[in-house]
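It should be emphasised that the depicted structure is a prediction, and the values quoted were computed from it without experimental measurement.
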Amino acid sequence: MTYVPERRIVVQRPTQAGGRCVHADDTFLGVAYGIVDLLELLRRAGLDPEEVRLNDPMIKWYGGGPEVWG
C-alpha cells in the first residue's frame with residue numbers, strides 16, 4: 001500500500017446522470033458511477049484499492065454514502 005498521510009478524499013453528491021465527482025485534496029480525480037469506478041480513481045491517485053475502507057474518515061461523502069449512486 002502507498003501510504004499518503006493526511007490525504008482527504010471528497011465524493012460529491014450524485015448528479016442527475018448518477019455520477020459523483022471525486023477529489024483528492026484539491027485535485028479532481030474524475031467522475032465515479034459506482035464503487036468500482038471510485039476504487040480505480042483512488043488507485044490512480046496512489047492508494048491501494050484493497051486497503052481502502054469506504055467508511056474511513058479520510059473519505060468525506062456528500063449527498064449519501066457509498067450506497068448512493070444516482
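Applying the salt bridge (Lys or Arg N to Asp or Glu O under 4.0 Å) test to every pair with at least one member in residues 56-70, sequence neighbours left out, gives no pairs at all.
The hydrophobic cluster containing Val31 does not contain Tyr62, counting ILVMFWY residues as joined when their side-chain heavy atoms lie under 4.5 angstrom apart, directly or transitively. When hydrophobic clusters are built by joining Ile, Leu, Val, Met, Phe, Trp and Tyr residues whose side-chain heavy atoms come closer than 4.5 Å, directly or via intermediates, Leu54 is grouped together with Val11. Leu39 and Trp61 fall within a single hydrophobic cluster, where Ile, Leu, Val, Met, Phe, Trp and Tyr side chains are chained together by heavy-atom contacts under 4.5 Å.
Rounded to the nearest 0.5 Å, atoms CD (Glu40) and CG (Leu29) are 11.0 Å apart. Note that the CE atom of Met58 and the CG atom of Leu47 stand 4.5 Å from one another [nearest 0.5 Å]. The distance from atom CG of Leu42 to atom CG of Asp48, rounded to the nearest 0.5 Å, is 10.5 Å.
Phe28 pairs by the ring pair (Phe, Tyr, Trp, His ring centres under 6.0 Å) definition with His23, not counting sequence neighbours. With sequence neighbours left out, the side chain to side chain contact (heavy atoms under 4.5 Å, CB included) criterion links Asn55 to Arg53. A search for side chain to side chain contact (heavy atoms under 4.5 Å, CB included) contacts involving Ala32 returns Val22, Asp37, Leu38, Leu41, Trp69, not counting sequence neighbours. In terms of the side chain to side chain donor-acceptor pair (under 3.5 Å) criterion, Gln12 has no residue partners (sequence neighbours excluded). Not a single side chain to side chain donor-acceptor pair (under 3.5 Å) links Arg13 to another residue, sequence neighbours left out.
Closest non-hydrogen pair, Gly63 versus Pro14, comes out as O-CD, 3.7 Å. Taking each heavy atom of Arg20 and Gly64 in turn, the nearest pair found is NH2-O, 2.7 Å.
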